[in-house]
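Report on one structure; see the data block that follows.
Letters A, B, ... mirror the listed sequences (proteins, then strands); counts begin at 1. Just so you know, these numbers come straight off a predicted model, no measurement behind them.
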2 protein chains.
Amino acid sequence: MLRLTQSEENYLKAIFTLSQDAEGAISTNELAEKMLTKASSVTDMLKKLCEKELLEYQKYQGCALTNTGKSHALAIIRKHRLWETFLVDKLSFGWDEVHEIAEQLEHIQSTELTDRLDEFLGFPKVDPHGEPIPGKDGRIESVSNRILLSEAVVGMKGIIMGVEDDQTEFLQYLNKIGLHLGTPIDIVDKLSFDGSIIVNMDGRQIQFSITIAKQISIKPL
Amino acid sequence: MLRLTQSEENYLKAIFTLSQDAEGAISTNELAEKMLTKASSVTDMLKKLCEKELLEYQKYQGCALTNTGKSHALAIIRKHRLWETFLVDKLSFGWDEVHEIAEQLEHIQSTELTDRLDEFLGFPKVDPHGEPIPGKDGRIESVSNRILLSEAVVGMKGIIMGVEDDQTEFLQYLNKIGLHLGTPIDIVDKLSFDGSIIVNMDGRQIQFSITIAKQISIKPL
DNA sequence: GTTAATTTTTAGACTAGTCTAAAAAAAGTT
DNA sequence: AACTTTTTTTAGACTAGTCTAAAAATTAAC
Ligand SMILES: [Mn+2]
Ligand SMILES: [Mn+2]
Ligand SMILES: [Mn+2]
Ligand SMILES: [Mn+2]
């Protein structure tokens, strides 16, 4: 089994994530922005990962993960989400406190550990932010029909199913307004000029900017 | 708080461990052997750690940890032993399977995590190999009067209290002969020419070489 | 379809950590 | 005290990962 450095793993994960919502290849700049690094560093890394056959890369053409690259990425995401679940379920951390720690724990190398942790947690399907946890085989069970809050239409009712997990302040804000997984909401209004969404939640009216609404997913009822 | 690399942390831990049974400063070669590296690499690292005031170092004089260096080392050892305890107590790993994984987990940076893990485990006093777990404050509670099996005298009775944990094969061997923490033994004989010790354990006679006997500690009864 | 702006790659440099080989210091031996 | 052996340090090189600045390729604009 190919042994990867933490940096290589982080690149694979970033490429995988970017590929989730983008069609086709991932550009060097896009990746540089995600990785908080410079394009020249990305080029170097792409060459290396291409050499290891974890992705396909041709000069000026961006990159795309190979199947091997994908399963490595999925293994890291699996670990990340299992550890987040452990921290919240077993050590009573808040959902806003676990991402940074999981960024470290996801690099621990031991399939046995990952699988036993999975079992210890009762084979959870989603992490504390509602994101699906890939199985041992790398398959992600498709989560029930979800849409982004930003795409909801006025009059729709729904239940909070997932939130972006990588900004502590965002999650703390959600805590403050009492939003958590499972919270039911009504879409009351949508401001056409800036895309803001006004929802009714626990009898209160709350207004979300389009930026925020893109970071929350709901299951329409 | 000073941020250390994994390599720096490993050096501090090694120096601390070597200082436990040696008087005075630790020599460059001694450290190189422990770290499975070359003396020249050690010299470079000693300069760096001295610069950061984690240890005292003068050319050709070896090194010794400062108080800051000691508390860093103790924090790492605390994490190592807490994680080993977690793996054995919560994930049902064998005591021969946890050291390598703990070598990785000990570098996770989060005091909050460490302290919550400690609580989750019920504030254990010793790890799965009988080694004491330093507290939050870095203090090691002195473990009850123990001696090395190699120092036991014929006729003595005792209870297995601790074993070295860094050789998988050694621990597997102990599993095979049914030796674990708490096992009572009688010292039956000692061979003067090679230091071998013969003990009675669960009604069976077992012979340990001096090398093995140095890796087992007992509480005399 | 030529020029301008943007993206991407290359070239060269830097740090951390390691290595080998050689020089210097310390310790041991007659 | 002089010579030998061992230990330790220095010097120079290498890899991984990053950076800046400049060159090259692609894309957009006129
Ligand atoms: Mn996360
Ligand atoms: Mn998450
Ligand atoms: Mn251990
Ligand atoms: Mn141990």
Side-chain angles (χ1 to χ4, degrees), chain A residues 1-15 18-19 22-65 69 72-73 76 103-104 106-107 109, chain B residues 1-15 18-19 22-65 69 72-73 76 103-104 106-107 109:
Chain A
M1 254 260 171
L2 190 56
R3 170 69 136 281
L4 302 175
T5 66
Q6 294 205 181
S7 192
E8 290 172 322
E9 291 193 338
N10 286 334
Y11 273 94
L12 291 180
K13 191 171 54 130
I15 296 165
L18 290 173
S19 303
E23 284 297 297
I26 300 302
S27 77
T28 302
N29 265 0
E30 207 178 342
L31 190 47
E33 193 181 353
K34 179 90 175 175
M35 293 294 297
L36 305 176
T37 185
K38 294 299 153 78
S40 54
S41 307
V42 171
T43 301
D44 285 350
M45 184 57 89
L46 291 181
K47 284 179 184 165
K48 188 161 47 135
L49 294 175
C50 184
E51 199 56 47
K52 295 190 178 181
E53 300 189 57
L54 293 162
L55 50 80
E56 272 151 50
Y57 163 69
Q58 277 175 295
K59 274 192 192 178
Y60 300 102
Q61 301 307 127
C63 69
L65 294 181
H72 275 275
I76 300 155
E103 285 290 306
Q104 300 178 62
E106 72 189 3
H107 301 293
Q109 313 252 4
Chain B
M1 252 259 173
L2 190 53
R3 169 70 137 281
L4 301 175
T5 66
Q6 293 205 183
S7 192
E8 289 173 321
E9 290 194 339
N10 286 334
Y11 273 94
L12 291 180
K13 191 170 56 129
I15 296 164
L18 290 174
S19 303
E23 284 298 296
I26 300 302
S27 77
T28 302
N29 265 359
E30 207 177 343
L31 191 46
E33 192 179 353
K34 178 91 176 174
M35 294 293 296
L36 305 175
T37 186
K38 295 298 152 79
S40 54
S41 307
V42 171
T43 301
D44 286 349
M45 184 57 89
L46 291 182
K47 283 179 186 166
K48 188 163 44 138
L49 294 174
C50 185
E51 200 56 47
K52 296 189 178 182
E53 301 191 57
L54 293 161
L55 50 79
E56 272 151 51
Y57 164 68
Q58 279 176 294
K59 275 191 193 180
Y60 299 102
Q61 300 307 126
C63 69
L65 295 181
H72 275 275
I76 300 156
E103 286 289 307
Q104 300 178 61
E106 72 190 2
H107 300 293
Q109 313 242 301

For [X] and [N], what is the distance between atoms [atom1] and [atom2] respectively, to the nearest whole Å?
| X | N | atom1 | atom2 | result |
| --- | --- | --- | --- | --- |
| A/Gln6 | D/dT18 | CD | P | 11 Å |
| A/Glu8 | D/dA16 | CD | P | 9 Å |
| B/Leu46 | D/dT10 | CG | C1' | 14 Å |
| B/Lys47 | D/dT10 | NZ | C1' | 7 Å |
| A/Lys52 | D/dT15 | NZ | P | 14 Å |
| B/Tyr60 | D/dT10 | OH | C1' | 8 Å |
| B/Tyr11 | C/dT18 | OH | C1' | 8 Å |
| A/Met45 | D/dA16 | CE | P | 10 Å |

Compare every heavy atom of B/Ala39 with every heavy atom of B/Thr28, then report the nearest pair and how far apart it is.
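Looking at all heavy atoms of both residues, the closest pair is CG2-O, 3.6 Å.
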
Taking all atoms of both residues into account, what is the closest heavy-atom pair of B/Gly69 and B/Leu12, and its distance?
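Shortest heavy-atom contact: O-CD1, 4.5 Å.
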
Nearest to the side chain of B/Asn29, heavy atoms from C-beta on, is which of D/dT9, D/dA16, D/dT8?
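Shortest atom-to-atom distance from the side chain points to D/dT8.
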
So which one's nearest nucleotide on DNA chain D is more toward 5', A/Lys59 or B/Thr28?
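Going by which nucleotide is closer to the 5' end, it is B/Thr28.
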
Spacing of B/Lys59 atom NZ and B/Gln61 atom CD [to the nearest 0.5 Å]:
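One gets 11.5 Å once the value is rounded to the nearest 0.5 Å.
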
Looking at CG of A/Leu46 and CD1 of A/Ile15, how far apart are the two atoms once the value is rounded to the nearest 0.5 Å?
5.5 Å

Go through A/Met45 and A/Met35 one step at a time and tell me if the side-chain contact (heavy atoms from CB on, under 4.5 Å) criterion holds.
CA-CA 12 Å; A/Met45 184 57 89; A/Met35 293 294 297; over 6 Å; no

Identify, residue by residue, the members of residues 31-44 of chain B with a heavy atom below 4.0 Å from DNA chain C, and return them in order of residue number, or none.
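The stretch gives B/Thr37, B/Lys38, B/Ser40, B/Ser41, B/Asp44 as the residues lying under 4.0 Å from the strand, ordered by number.
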
Between A/His72 and the options A/Leu65, A/Leu49, A/Leu4, the side chain to side chain contact (heavy atoms under 4.5 Å, CB included) test singles out A/Leu4

Within less than 4.0 Å of OP1 or OP2 of C/dT9, is there a side-chain N or O belonging to A/Tyr57?
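A/Tyr57 to C/dT9 OP1/OP2: side-chain N or O found under 4.0 Å.
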
Would you please name every residue forming a side chain to side chain donor-acceptor pair (under 3.5 Å) with A/Arg3, sequence neighbours left out?
none

